[in-house]
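Worksheet: one structure, shown below.
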Amino acid sequence: TAVRLSLSGGAASASAPIGEDPLPGVSNYLRSANTEAFVTHVPGYGRIRYPSALPGTDLIFAGSHGRRIELHLRLAPGADADALGLVAEGATPSYLDSEGNAVLETAVGPLLLEAPIAWQVGESGEEPVEVAFVLAGATVRLALGLFDPERELFVDPIISYQLSIGGSEADNATAVAIDADGNAYVAGHTRSTNFPTTPGAFDQTVTSSFGADDAFVMKRDATGTLVWSTALGGIDSVATDRATAIALDSLNRPVVAGWTTNCYFASAPTPCSTTIPIPTMLGEPNAFLAKLTADGSGVVFARNFGGTEDDRALGVATTRNAPSGDIVVVGRTESANFPTAGSAGTFLVGGMDAFVSRFSSSGDLEAARYLGGSADDEATSVVLDNQLIPIIAGTTFSSNFLALTETVYAGSGDAFVAKFNLGSLSLDWFRFYGGSAEERGVALATSPVAGSLIFLAGNRVISGQFIGTLP
């Protein structure tokens, strides 16, 4: 299938493309027995530039290593950037993932527009400019922060590969993390007993039957080539193990969170025991947290945690660049005896509350608390800002969520964002987001720039997303 990308935001120009960065060698196209139809000595270029594709805006395509096409936008001083966006013919913008990437659905599978970066050149070199994708119908808009309109502006989204992953039954990839070399670590769950695993992996056999799932974790390099793949579950084939979130530690070891009904999850030694400091299995399901080796051949630790009712981990983040290597997990719980540690949020308020838990790099529980009001609440995403402070997003149906009155609950369900102290998990600030209908906070991201923007994506039951500076 063919996908055609075009720019929105002004009257398009029919300017002829210009080849840049000549490549060594030439290409010859001998597609006919008629030698007069031969096309020979065709030069190759590393970049193709369409000057003034929009007024004041050059569009540049560049090849890259692996299954990636770099798309560069160069805006001249004074060019209008307010309505700048990309329209895809042959693809439909579907959603923004937790990393801010735009996922486009095509007839042969999804296509990824990687979260854009933007910058201007100043006296000190490249100066970053805040930018994010916003879905507006069939258009993927570029929302820019403050920049100097008197200088050139550069914006770089990147088109990446998308691969089908799985076996003969239902397979779901639910989370991805990217390391500095562009390797992708994918987590999810599968019912396929022929799900592709690799020799030497921690668990090469999916034990799934009667509609149950096993979790999986895999690593693919920057070209999409499979490096390793492992199942992650227990020996009980009728129990369910689902990975819902993934992050990387400082050694690029995958840290995976999710939920399980398996007493023998991963390397837990004793079924349904109450080993210290975290119960191996009390309720069903329990949340789980596991750290794998960097090569996928083993498990550094695996822990079930929760109480006697339904507990599910839905988000995870690590202080990967800090010596402590702390791990922060968020999710939801219906257990009045969910393990807490600290002085705040020590009891269940509603029928289902959100939770946030902090673990050491070796998987020991260090702090944990409930977050909730008198109705149902859940936390679905957590990120750490540039000062390693946890910021959490989720959904609340409680008008008295966290017993706060300074921010107004607006409808039958609101998205929320909250910021906590990493050590004690005490609340720093909190905000509802919503209207008179139901809104759900789904994913969260921060920019790496000091005084960073926070990007909250959700849906309405929810539709749309919030972009702004908080608080």
Side-chain angles (χ1 to χ4, degrees), residues 95-101 103 115 165 171-179 183-190 213-219 230-233 240-249 252-260 262 265-266 278 285-292 296 299-306 310-320 325-333 354-359 361 363 365 368 371 377-385 390-395 415 417-418 420 440-446 455-459:
Y95 63 92
L96 300 180
D97 68 15
S98 61
E99 304 294 327
N101 306 312
V103 180
I165 299 170
D171 313 288
N172 293 274
T174 54
V176 64
I178 309 294
D179 68 19
N183 298 304
Y185 302 77
V186 183
H189 56 271
T190 179
D213 299 317
D214 258 11
F216 71 82
V217 184
M218 66 169 57
K219 177 182 178 180
T230 182
L232 185 66
T240 290
D241 313 289
R242 291 192 174 186
T244 56
I246 189 170
L248 301 174
D249 73 1
N252 287 333
R253 295 179 295 188
V255 178
V256 185
W259 55 271
T260 180
N262 212 318
F265 178 77
I278 304 168
N286 267 185
F288 76 74
L289 178 66
K291 180 186 287 190
L292 279 66
V299 169
V300 179
F301 70 80
R303 300 284 188 270
N304 297 342
F305 63 101
D310 189 323
D311 315 288
R312 306 187 186 209
L314 302 174
V316 66
T318 65
T319 56
R320 59 178 303 183
D326 286 338
I327 302 166
V328 180
V329 182
V330 299
R332 73 188 198 209
T333 178
F355 72 80
V356 53
S357 300
R358 178 170 56 83
F359 296 85
S361 61
L365 181 64
L371 311 170
D377 317 285
E378 68 176 6
T380 51
S381 182
V382 57
V383 295
L384 302 180
D385 69 7
I391 303 171
I392 294 168
T395 303
V417 180
F420 293 85
R440 292 179 178 267
V442 175
L444 194 63
T446 61
F455 303 97
L456 168 66
N459 57 357

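Note: hydrogens, waters and symmetry copies are ignored here, and every other heavy atom, side chains too, is used.
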Exercise. Could you walk me through whether Leu371 and Phe420 pass the side-chain contact (heavy atoms from CB on, under 4.5 Å) check?
Worked result: CA-CA 11 Å; Leu371 311 170; Phe420 293 85; 3.3 Å; yes
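The shortest distance between side-chain heavy atoms of Leu232 and Leu292 falls below 4.5 Å. Inter-residue side-chain proximity for Ile391 and Val417 is flagged as met; some heavy-atom pair is nearer than 4.5 Å. With contacts defined as side-chain heavy-atom distances shorter than 4.5 Å, the pair Asp310/Pro285 qualifies. Ile392 places a side-chain heavy atom less than 4.5 Å from the side chain of Val356.
Here the CG atom belonging to Asp326 is positioned 7.5 Å from the OG atom belonging to Ser361, to the nearest 0.5 angstrom. With rounding to the nearest 0.5 angstrom, the CG atom of Asn252 is 5.5 Å from the CG atom of Leu248. Rounding to the nearest 0.5 angstrom, the gap separating the CG atom in Asn286 from the CH2 atom in Trp259 is 11.5 Å. Expressed to the nearest 0.5 Å, how far CZ of Arg303 lies from CG of Leu289 amounts to 9.0 Å. Separation of atoms CG (Leu365) and CZ (Phe305) is listed at 8.0 Å; rounding is to 0.5 Å. To the nearest 0.5 Å, the span separating OG1 on Thr319 from CG on Leu384 amounts to 6.5 Å.
At least one donor-acceptor pair under 3.5 Å links the side chain of Asn101 to the backbone N or O of Ala115. Proximity of a side-chain donor or acceptor of Asp97 to a complementary backbone N or O of Glu99 within less than 3.5 Å is detected. Of the possible polar contacts, one joining the Thr174 side chain to the Ala187 backbone as a donor-acceptor pair under 3.5 Å is found.
Partners of Lys291 under the salt bridge (Lys or Arg N to Asp or Glu O under 4.0 Å) rule, at least two apart in sequence or in another chain, are Asp249. Scored by the salt bridge (Lys or Arg N to Asp or Glu O under 4.0 Å) test, Arg332 finds Glu378 as partners (sequence neighbours excluded).
Across every non-hydrogen atom of Tyr185 and Asp179, the tightest pair is OH-OD2, 3.0 Å. Here the closest non-hydrogen pair linking Ala379 and Val330 is CB-CB, 3.7 Å. Of all the heavy atoms in Phe288 and Ala313, the pair that sits closest is O-CB, 4.1 Å. Minimum interatomic distance between Ala243 and Ala215 (heavy atoms only, all atoms of both residues): N-CB, 3.8 Å. Residues Asp214 and Ala231 come closest through the heavy atom pair OD2-CB, 4.3 Å. Here the shortest heavy-atom pairing between His189 and Asp241 reads CB-O, 3.8 Å.
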